[in-house]
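Chain naming here is simple, since letters A, B, ... match the order of the sequence lines and numbering starts at 1 in each.
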2 protein chains.
Amino acid sequence: MPRKYVENPNACTIVHAMNIIGNKWKPIIIYLLSGGPLRFGKILVLLPTISKKVLTQQLKELDNDQLIIRKSYNEIPPRVEYELSEKGLTLLPILRELSLWTADTFPEIEFEKCRIE
Amino acid sequence: MPRKYVENPNACTIVHAMNIIGNKWKPIIIYLLSGGPLRFGKILVLLPTISKKVLTQQLKELDNDQLIIRKSYNEIPPRVEYELSEKGLTLLPILRELSLWTADTFPEIEFEKCRIE
DNA sequence: AAAAGTGGTAACCCAAAAGTAACTTATGCC
DNA sequence: GGCATAAGTTACTTTTGGGTTACCACTTTT
């Protein structure tokens, strides 16, 4: 069964973008890291409803896609910091615009709607 | 069990944005519609691997979120056209930037990677 | 009378994503 | 010796998203 492709060539890049950041947690994580490096445990606290397992997973994928950098200090107990890479930084303005767009376009949304459960 | 919220207030809008367009098909559909209104059947042809059910679903959600407009002509056989709304149009430049970002940041990706299966 | 054309819906299925809870590792501290 | 600590991992369950197939409604065409 031959595989098929989307016709619009630009769609390709959009698909890829969504593969990279189009899920429940990644854009938020990137947003959080825009304030500077954060330790694993700190992110866990800032995102009170994410599970350890999923956070690990998301960070690993972001690291693989080179949007963030994982810095592991060789200490006991462990200390690991995550920060945005160059690639990650260049994504920030776009996320910011998206954020503004949402605020402008859906002024009625409230905190209520942004439950992360 | 009390629900909790993300701390960063900006995250709220990002979460909402991702709820609206952060899935497999919606950004592509929006992209397709940037060329002008399209009939249901035409979209099905342009996205050879989407199923009728899912397309219906996605279009309904995009319509509910007022990113697109559904125009149903009272004819037999039915004719329904979908086109971008004002809100949808204002999203386009951002999608375009995201598209450029991906192309710049991951120059190595090829069509190969954009299989939609 | 039967088939074709169009935009659906309903019932069912599967794989992937996300969530939960317990366990691990290596050290310093009491 | 026993506990705390941080950043995980493992095994398991639940939820969700997307997919398949069949069917419908109404008219025109054959």
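Between A/Lys53 and B/Arg70, the one whose closest nucleotide on DNA chain C sits nearer the 5' end is B/Arg70.
Considering only the side chain of B/Ile50, D/dG19 comes nearest among C/dA18, D/dG19, C/dG8. Checked against C/dA18, C/dT9, D/dT5, the side chain of A/Pro77 finds its nearest nucleotide in D/dT5. The side chain of A/Val80 lies closest to D/dA7, out of D/dG18, C/dG5, D/dA7. For B/Ile76, taking side-chain heavy atoms from C-beta onward, the closest of the listed nucleotides D/dT27, D/dG19, C/dG8 is D/dT27. Distances from the side chain of B/Gln58 to the nucleotides D/dG18, D/dA7, D/dT20 place D/dG18 closest. Out of D/dG8, C/dG19, C/dT6, the shortest distance to the side chain of A/Val54 is found at C/dG19. Picking from C/dG19, D/dA7, C/dG8 the nucleotide with the shortest atom distance to the side chain of B/Tyr82 gives C/dG8. With D/dG8, D/dG18, D/dT20 as the candidates, the nucleotide lying closest to the side chain of B/Asn23 is D/dG18.
Within 4.0 Å of A/Glu81, counting heavy atoms only, lies no atom of the nucleic acid at all. Across all strands shown, A/Lys60 has heavy atoms under 4.0 Å from sugar-phosphate atoms exclusively, and none from any base.
The base of D/dG17 has none of its N or O atoms less than 3.5 Å from a complementary donor or acceptor on the side chain of B/Lys24. With hydrogens and angles ignored, a donor-acceptor pair closer than 3.5 Å exists between the side chain of A/Lys52 and the base of D/dA7.
At a threshold of 4.5 Å between non-hydrogen side-chain atoms, the residues A/Arg79 and A/Arg39 count as touching. Side chains of A/Leu62 and A/Tyr82 form no contact here, defined as non-hydrogen atoms less than 4.5 Å apart.
When ring centroids are compared, B/Trp25 and B/Tyr31 stay outside the 6.0 Å threshold.
A donor atom on one side chain and an acceptor atom on the other are found under 3.5 Å apart for B/Ser99 and A/Thr13.
Within the 4.0 Å cut-off from OP1 or OP2 of D/dA7, not a single side-chain nitrogen or oxygen of A/Lys71 is found.
Counting heavy atoms of neighbouring residues, nucleotides and ligands inside a 6.0 Å radius, atom CD of A/Glu97 exceeds 12 of them.
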